[in-house]
Amino acid sequence: EAQLVESGGGLVQTGGSLRLSCAASGAPLEDYAIGWFRQAPGKEREGIVCFSSRDDSTYYANSVKGRFTITRDNAKNTVYLQMNSLKPEDTAVYYCAVKAGLFIDSAQAMCVEDAIAPMGYWGQGTQVTVSS
């Protein structure tokens, strides 16, 4: 069973940057599809950046394209979300999720919340607040 621990959230001003980390245990990330999701107050959780190990593709939601980047360090079994040019509307709790790659057809498919369960795993979330 995989366990995911996010870190790196915090308070930042508009235009600033943060790097979130998602450290995994019990699951070799190189064999897993990876997703970063976020949930703002009063809104549904949305997938924003996802990676498919099946075809090495990456999906970025339009809201973050050009500003956010996903990377992975296999040696540390950790995935990162670099967030630049942050805006107040990026304020949310950010979650990472993983699912065995063979169950996910594409990066965009991984960015659908309902695709994570069953057989997928979620981290506990980390708060990101962007002040105006």
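These numbers come from the heavy atoms of this one structure, side chains and all, not from hydrogens, waters or symmetry mates.
Linking Ile, Leu, Val, Met, Phe, Trp and Tyr whenever their side-chain heavy atoms come within less than 4.5 Å puts L86 and Y60 in one cluster. Residue Y121 is grouped with residue W36 when hydrophobic side chains (ILVMFWY) are merged at heavy-atom distances under 4.5 angstrom, including chains of intermediate members.
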Go through it in stages, so that I can follow the logic: the residues are V98 and V79, the test is side chain to side chain contact (heavy atoms under 4.5 Å, CB included), and I'd like the CA-CA distance, side-chain angles, deciding distance and then a yes or no.
CA-CA 10 Å; V98 300; V79 62; 6.0 Å; no

Using side chain to side chain contact (heavy atoms under 4.5 Å, CB included), reason through L4 and Y95 one step at a time and then give a plain yes or no.
CA-CA 9 Å; L4 307 175; Y95 301 87; over 6 Å; no

What's the verdict on side chain to side chain contact (heavy atoms under 4.5 Å, CB included) for T91 and R38, showing C-alpha distance, side-chain angles and the deciding distance?
CA-CA 9 Å; T91 295; R38 68 185 181 187; over 6 Å; no

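With sequence neighbours excluded, the residues that form a side chain to side chain contact (heavy atoms under 4.5 Å, CB included) with R67 are V64, S85, K87, D90. Shown here are the salt bridge (charged side-chain N to carboxylate O under 4.0 Å, His left out) partners of E89, two or more places apart in sequence or in another chain: there are none. Under the salt bridge (charged side-chain N to carboxylate O under 4.0 Å, His left out) criterion, D105 pairs with R54, not counting sequence neighbours. A97 meets the side chain to side chain contact (heavy atoms under 4.5 Å, CB included) test with F37, M110, I116, W122; sequence neighbours excluded. Annotation: side chain to side chain donor-acceptor pair (under 3.5 Å) contacts of Q108 (sequence neighbours excluded): none. In this view, E6 satisfies the salt bridge (charged side-chain N to carboxylate O under 4.0 Å, His left out) rule with no residue, not counting sequence neighbours. Among residues two or more places apart in sequence or in another chain, the side chain to side chain donor-acceptor pair (under 3.5 Å) test is passed with S52 by D55. In terms of the salt bridge (charged side-chain N to carboxylate O under 4.0 Å, His left out) criterion, R72 has no residue partners (sequence neighbours excluded). In this structure, the side chain to side chain contact (heavy atoms under 4.5 Å, CB included) partners of V5, at least two apart in sequence or on a different chain, are Q124.
Closest heavy-atom contact between C50 and G35: SG-CA, 3.5 Å. Minimum interatomic distance between V128 and G9 (heavy atoms only, all atoms of both residues): CG2-CA, 4.1 Å.
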With a cut-off of 3.5 Å and sequence neighbours excluded, list every side-chain donor-acceptor pair involving residues 10-32.
unit_1: T14; atom_1: OG1; unit_2: S131; atom_2: O; d: 2.7
unit_1: S17; atom_1: OG; unit_2: N84; atom_2: OD1; d: 2.9

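Between the OH atom of Y94 and the OG1 atom of T126 there is a distance of 10.5 Å, given to the nearest 0.5 Å. In this structure, the separation between OG on S57 and CZ on F51 is 7.0 Å, given to the nearest 0.5 Å. Here the OH-OG distance, from Y80 to S7, works out to 8.5 Å after rounding to the nearest 0.5 Å.
Y59 belongs to no hydrophobic cluster with other residues, because no ILVMFWY side-chain heavy atom falls under 4.5 Å from its own, directly or through intermediates.
For the pair K99 (side chain) and A115 (backbone), a donor-acceptor distance under 3.5 Å is present.
Residues in residues 108-131 take part in these salt bridge (charged side-chain N to carboxylate O under 4.0 Å, His left out) pairs, two or more places apart or across chains: R45-E113.
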